[in-house]
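Please read the structure below before turning to the comments.
What you see is a predicted model, and the numbers here were worked out from it, not measured in a lab. The chains referred to below are lettered A, B, ... by the order of the sequence lines, with proteins before strands, and numbering in each begins at 1.
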Protein chains: 2
Amino acid sequence: MRDGDRVTRAAARRRMSVGELAIWRSLVDTTAELRRILGAQLLRDSGLSPADYAVLLALSEAHGSRLRSSELAAVIDWERSRLSHHLGRMERRGLIRRDDCSTDSRGAEVSLTEDGAGMFRGATAPHALAIKRNFADALTPEQFEALADILRTLQNHLRPEQTATSREDLHV
Amino acid sequence: MRDGDRVTRAAARRRMSVGELAIWRSLVDTTAELRRILGAQLLRDSGLSPADYAVLLALSEAHGSRLRSSELAAVIDWERSRLSHHLGRMERRGLIRRDDCSTDSRGAEVSLTEDGAGMFRGATAPHALAIKRNFADALTPEQFEALADILRTLQNHLRPEQTATSREDLHV
DNA sequence: CGAATTTGATTGACGCGTCAACCATATGCT
DNA sequence: AGCATATGGTTGACGCGTCAATCAAATTCG
């Protein structure tokens, strides 16, 4: 029996305390504000939205900077429809390209354009710096450890099956 | 000199580690998933979006269930334009009402309708339960304490002026 | 083979959030 | 008083995300 299970059962009867609720709200507010700050900064620095960045990151890390549409959707955990809309907009802006797939005529292969690759390269460093400044610099090593533990616990609570420590399914 | 400052300066030269970046991504992903789950549940249970809920909560807690538009915007920390759009939609659905303000003819007074108040009342308990089940039940008291500490630190890092422990400015 | 089903991907409608522009009223200044 | 400016709030345009519907190509199976 895993630790999370024991906690879950033990807590199952209790009502949620107002302190716990306040922490939940603070979590939502604080992460929202961080996303807002970093998203705005990213846009100013590089003209890319967080969504653009996620797409370009996944493509950059892909073998040959090229992915099937549904693979890409799986990597960044988006609905296919959302991805299709967004790829349309990114294609119009010249960031990515969609070609017919050679092995499956239904499929599309998404790849980086020169422009897209360049924009992404230019965005990387300032974006990392912004994350460092606004987030990483604030916390002590102990706090990082505690946060990692908490996130592992939560992930494990939400999706009990998947090994919570695999680094593969992390993306921006 | 506060603790956060010392950490900030000490860390200021270092590059961000890949571990720290992974924790950031995990934080973004995990909170996004929690919001997604709770938002969907709220909608199923009560037909309200998280945004609706925030508006109704603020109005419910207001003196006389009635707020000036910009006060409301301040309470839930929204841009006035966003609020105006959303109030328009909520008004169409019969959840809130907008009346001319008696003391300032430019202003609008937003208030709950019977329907809106009822919907909110019906939404409260299942929503709290969902937060408890998906979030609060997963964590130990020690983890709660650690998380509260981390969030306080981050808030303090982002907005150094404001006392980070005031419970007033927490909302959904 | 040929019909039914599944899969890969796109589309349209609609609610949402942001930004800039825009009224109308209130306030401040001389 | 009279003009400038600030304030409260709304609007329109546009990018975004979700849902349901759609379409074509592939696969399954009788």
Side-chain angles (χ1 to χ4, degrees), chain A residues 28 32-33 35-44 47-56 66-111 172, chain B residues 28 32-33 35-44 47-56 66-111 172:
Chain A
V28 170
E33 184 164 5
R35 272 179 292 116
R36 197 182 48 70
I37 292 172
L38 293 172
Q41 180 97 15
L42 180 62
L43 199 61
R44 278 196 306 275
L48 297 175
S49 71
D52 298 332
Y53 192 86
V55 169
L56 296 179
R66 163 174 294 275
L67 277 174
R68 288 290 296 274
S69 196
S70 35
E71 291 172 334
L72 177 52
V75 170
I76 60 183
D77 194 24
W78 282 14
E79 296 194 5
R80 287 212 317 266
S81 154
R82 174 184 180 185
L83 180 59
S84 188
H85 282 300
H86 202 79
L87 289 179
R89 294 185 291 257
M90 291 182 75
E91 197 170 29
R92 276 204 308 257
R93 294 197 281 149
L95 298 175
I96 57 102
R97 187 173 33 230
R98 279 187 282 196
D99 308 301
D100 295 345
C101 176
S102 48
T103 69
D104 185 335
S105 352
R106 295 167 302 183
E109 292 219 317
V110 186
S111 57
V172 161
Chain B
V28 171
E33 184 164 5
R35 274 180 291 114
R36 196 180 48 69
I37 291 173
L38 293 173
Q41 180 97 5
L42 180 63
L43 199 61
R44 276 197 305 275
L48 297 174
S49 71
D52 298 332
Y53 191 87
V55 169
L56 296 180
R66 162 174 294 276
L67 277 173
R68 289 289 296 274
S69 194
S70 34
E71 292 173 332
L72 177 52
V75 170
I76 60 181
D77 194 28
W78 281 15
E79 295 194 5
R80 287 208 322 262
S81 156
R82 174 185 179 184
L83 180 60
S84 187
H85 281 299
H86 203 77
L87 288 180
R89 292 183 293 257
M90 291 182 75
E91 198 169 27
R92 273 203 309 253
R93 294 197 283 151
L95 297 174
I96 57 105
R97 186 174 32 231
R98 279 187 283 197
D99 308 302
D100 295 346
C101 176
S102 48
T103 69
D104 185 334
S105 357
R106 295 167 301 183
E109 291 218 318
V110 186
S111 57
V172 162

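- Among the atoms of the strands shown, only primed sugar atoms or phosphate atoms (P, OP1, OP2) are found under 4.0 Å from some heavy atom of A:S70.
- Taking a cutoff of 4.0 Å between a charged side-chain nitrogen and a carboxylate oxygen, A:R89 and A:D52 do not qualify as a salt bridge.
- The nucleotide range of DNA chain D contacted by chain B, defined by atoms under 4.0 angstrom from heavy atoms of the protein and reported 5' to 3', is D:dT7 to D:dA13.
- One interatomic measurement links the two molecules: CZ of A:R68 to P of C:dT7, which rounds to 14 Å at whole-angstrom precision.
- The CD-C1' distance, from A:E79 to C:dT10, rounds to 14 Å in whole Å.
- The nearest pair of heavy atoms linking A:Q41 to A:R44 is OE1-NH2, 3.0 Å.
- In this model, a side-chain donor or acceptor of A:S81 finds a partner on the base of C:dT11 within 3.5 Å.
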Please determine whether side chain to side chain contact (heavy atoms under 4.5 Å, CB included) holds for the pair A:L48 and A:L95, giving the CA-CA distance in whole Å, both sets of side-chain angles, and the decisive distance to 0.1 Å. CA-CA 10 Å; A:L48 297 175; A:L95 298 175; 4.1 Å; yes
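- Heavy-atom nearest nucleotides on DNA chain C were determined for A:R82 and for B:R106, and the one closer to the 5' end corresponds to A:R82.
- Residue A:H85 is in base contact, counting any heavy-atom pair closer than 4.0 Å across all strands shown.
- Rounded to whole angstrom, the span from the CZ atom of A:R44 across to the C1' atom of C:dC19 amounts to 15 Å.
- Looking at heavy-atom distances under 4.0 Å, A:R93 makes no contact with the nucleic acid at all.
- When each of B:S49 and B:S105 is assigned the nucleotide of DNA chain C with its nearest heavy atom, B:S49 is the one assigned upstream, toward the 5' end.
- Mapping B:R98 and A:R92 onto DNA chain D by nearest heavy atom places B:R98 closer to the 5' end of the strand.
- Note on A:R36: nothing from the nucleic acid sits closer than 4.0 angstrom, heavy atoms only.
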